[in-house]
Number of protein chains: 2
Amino acid sequence: MPRPIDERWSTMKEVANLAGVAKITVSRVLRSPELVSKTTREKVESAINKLGYVPEAAAGALSSGRSQIVAANISTLSGSIFLSTINQLSNILSKHGIQLILSNSEYSEEMEFQQLSALIAQRPLGLVLSNAFHNTKRRSMLSRIGCKVIEIWDLPENPIDYAVGFSNFDAGYSMTQFLFKDCCYKKIAFLGTKQGFDRRSEMRFQGYKDFQLKHTSEVRAFDLTASGKGNIHDGTVGLNSILNKWPDTDAIFCSGDVLAIGAVCEARRRGLRVPKDIAISGFGDIEFSNEYGIELTTVKVRGEEIGTRVANIIVGDIEGAFNINKSIDVGYDIVRRSTT
Amino acid sequence: MPRPIDERWSTMKEVANLAGVAKITVSRVLRSPELVSKTTREKVESAINKLGYVPEAAAGALSSGRSQIVAANISTLSGSIFLSTINQLSNILSKHGIQLILSNSEYSEEMEFQQLSALIAQRPLGLVLSNAFHNTKRRSMLSRIGCKVIEIWDLPENPIDYAVGFSNFDAGYSMTQFLFKDCCYKKIAFLGTKQGFDRRSEMRFQGYKDFQLKHTSEVRAFDLTASGKGNIHDGTVGLNSILNKWPDTDAIFCSGDVLAIGAVCEARRRGLRVPKDIAISGFGDIEFSNEYGIELTTVKVRGEEIGTRVANIIVGDIEGAFNINKSIDVGYDIVRRSTT
DNA sequence: TACGCTAATGGTATCGGTACCATTTTTAGA
DNA sequence: TCTAAAAATGGTACCGATACCATTAGCGTA
């Protein structure tokens, strides 16, 4: 109403008038053209082109009770490990005429509530979560949300609805096993976050710990929970602390690639040969590590595949192709490069 | 309608009934609480909490004629230079209850049309474009779109509506001038894309060329339009080609940081000292170049500020604070590090 | 030719909010 | 105490689509 009449987009009614048909027929041409005769369809399509008609999503959503929107809530975008997933998701959804709404999860508890409400207000077809909204109050809100809730990059015990990811515990265990058995390092340390906000890193640590306790009965871990956020500098600090405390360490499993790169740089600075004097592995296989001259051994996560699977759940192409608890395990790859 | 009644969210009417007021009063409590008396407000708020009411955005948008949505169309997300801008934009908008829809622009012409239509269907408050939709047909579609169209990361001559960015020509000129005057390199080459799909890189080249023609009458450029996409490998190829053709080159201005890093790595591999034997500068100040052990001289783009300005245009906080052609120049910084 | 079935099209109510204007209640000033 | 203005609240039409059901047209078959 507030918009001046000459700026308004044409409506379905106007298209119908121009084509000499009823509104509902225009709707059919757009949504189920096979129900409309060829001649009528052509009249309507010509009218649509003449008026430059673009349907209004809000009206359709209100009337049909279903939006063409998927909401994704991930932590900060810049440098995010979720980008390949989001990118792939967005690509597939857009082919189905579905739009992706992106929101940040780097908020306080109160803001988080507002965020979630704002997303619910859109009545999305699906809600993709990387890690937010997991306290009890939010979970109850999520459970009655009435759309597909998909947690990604992890496989929680009790997914709210769906989960697409991999076991961070297994990944931690596998990498440790790989260092121990395939690479023959026997004094392996863990560098990363053991607890707190990064649940995934903690699970990787648990995997490391499980392997170590079974095979060496020794756990060497430098915990960054208090100090750091997993940036380059934390990697240098971590390497020094570990070598200080356990000088005979021959391999360090870092819970993130960026940490690992910091550790490699610091090791080189100290005159240590990587991997001869100290082997270092990472997690994530971020785009740049290889290209920037550090050929890092790491756990490659199948980010794109996660995006594909999520999209398929939402568009329903493969309904039923997952197991009972609705978790999809996309797995991971251990990639050996020159730092181990 | 299709959703079963017991899964339905409560409506404003239900809240109103529970609170014993009219629907419109509930609407006021949510949108302009200062118009409602304290007692009424509290009754309504309590009813909202009791029912877990979340308004339906589609209904509000339809009724008021304005959505709470902003659409951004950028090229592929992964590794994108636009992330800091998008992140900042998203942060500010969400504080105003506005959601950000993200779409990719890596499509064919036909797909592009569908993409644009899908965005228009949302009747967004603003449309943020990094580089897409610039052919004539699309421009005419955009000119009648009826919302704020904002082009970012560049300052086109005739912005469709608004533009927030910087002059890539000036940036190219400035960096060349910086290398020539401040760093005293006299044989400067350009490595990058001169023409074609990356308009911005081309503008930087024009800036380089303009300076060179004024001061040395010599243009040394290796054009990657045909061969590459600006990755590390292109940087190595480019460095070799340039030194092959113009062996006395003492500085290379690369049109992107990744190219520059490739060039630095290749120079080092060839046993050249950087910057003593060959100086290298980049463009963009991407997050990792510094951290990965290459302290690259580069042009730092104020990506976050662009996001802030775009958000301000959309929420209208600084209406009128830009010049006649509605272009905002956020400038750039030349950052000297150890590669020049 | 009449009948019945399918294909094609239309009428009308409705989704859940907001705009606009009307009405009632409260407050302030004389 | 009365009146006018301001504050608070309500009624109703409408935004632009879709759902549901009704109706008409087209066609083959008996």
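Numbers restart at 1 for each chain; the letters A, B, ... are given by sequence-line order, proteins then strands.
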Kindly give the atom pairs (protein nitrogen or oxygen, nucleotide nitrogen or oxygen) under 3.5 Å for nucleotides 22-24 of chain C.
none

Could you pull out the protein-nucleic contacts involving nucleotides 4-6 of chain C (nitrogen or oxygen on both sides, under 3.5 Å)?
none

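In this structure, A:L62 places its CG atom 12 Å from C1' of D:dC14, rounding to the nearest Å. Rounding to whole angstrom units, CD1 of residue B:I120 and C1' of D:dG16 are separated by 17 Å. Atom CE of B:M12 and atom P of C:dC15 are 15 Å apart (whole Å). Rounded to an integer number of Å, the gap from CD of A:Q122 to P of C:dG16 is 16 Å. Atom pair A:W9:CH2 and D:dC15:C1' shows a separation of 17 Å (rounding to whole Å applied). When rounded to the nearest whole Å, the span between CZ of A:R66 and C1' of C:dC15 equals 14 Å. Across the protein-nucleic acid pair, B:Q68 atom CD and C:dT18 atom C1' stand 13 Å apart, rounded to whole Å.
Counting heavy atoms from C-beta on, the side chains of B:V310 and B:I92 never come closer than 4.5 Å. A heavy-atom distance below 4.5 Å is found between the side chains of B:Q122 and B:I101. Looking at heavy atoms from C-beta onward, A:L116 lies in side-chain contact with A:L142 at the 4.5 angstrom threshold. Two residues are said to be in side-chain contact when any heavy atoms from C-beta on lie closer than 4.5 Å; A:L30 and A:M12 meet this criterion. Contact annotation: the side chain of A:V301 approaches that of A:F166 to within less than 4.5 Å [non-hydrogen atoms, C-beta and beyond].
One finds no side-chain N or O of B:T11 lying less than 4.0 angstrom from the OP1 or OP2 phosphate oxygen of C:dG16. The shortest distance between the side-chain N/O atoms of A:S27 and the OP1/OP2 oxygens of D:dA17 is not below 4.0 Å. For B:R31, a side-chain nitrogen or oxygen approaches OP1 or OP2 of C:dA19 to under 4.0 Å.
Under the 3.5 Å distance criterion, the side-chain polar atoms of A:K326 are left unmatched by any main-chain donor or acceptor of A:P159. Not one N or O on the side chain of B:S32 forms a donor-acceptor pair closer than 3.5 Å with the backbone of B:E34.
Remark: the A:S63 side chain and the D:dT18 base include a donor-acceptor N/O pair separated by less than 3.5 Å.
Residues passing the salt bridge (Lys or Arg N to Asp or Glu O under 4.0 Å) test with B:E305, sequence neighbours excluded: B:R309. Shown here are the ring-ring contact (aromatic ring centres under 6.0 Å, His included) partners of A:Y53, two or more places apart in sequence or in another chain: there are none. Residues passing the side-chain hydrogen bond (donor to acceptor under 3.5 Å, both in side chains) test with B:T308 are B:Q88, sequence neighbours excluded. By the side-chain contact (heavy atoms from CB on, under 4.5 Å) test, B:A72 pairs with B:I86, B:L100, B:L102, B:V128, sequence neighbours left out. The salt bridge (Lys or Arg N to Asp or Glu O under 4.0 Å) search around B:R302 returns B:D333, not counting sequence neighbours. With sequence neighbours excluded, the residues that form a side-chain hydrogen bond (donor to acceptor under 3.5 Å, both in side chains) with A:T40 are A:S37.
Within the structure, side chain to side chain donor-acceptor pair (under 3.5 Å) pairs that include any residue of residues 11-27 of chain B comprise B:R8-B:E14 (at least two apart or interchain).
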Can B:T85 and B:W153 be said to form a side-chain hydrogen bond (donor to acceptor under 3.5 Å, both in side chains), step by step?
CA-CA 9 Å; B:T85 298; B:W153 278 69; 3.0 Å; yes
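With 3.5 Å as the limit, one finds a donor-acceptor pair spanning the side chains of B:N91 and A:N104.
Of the residues in residues 14-24 of chain B, those lying under 4.0 Å from DNA chain C by heavy-atom distance are B:K23, B:I24. Non-hydrogen atoms lying under 4.0 Å from DNA chain D are contributed by nothing in residues 34-44 of chain A.
With axes fitted over five pairs at each extremity, the angle between the ends of the helix from C:dT1-D:dA30 to C:dA30-D:dT1 is 40° (10° resolution).
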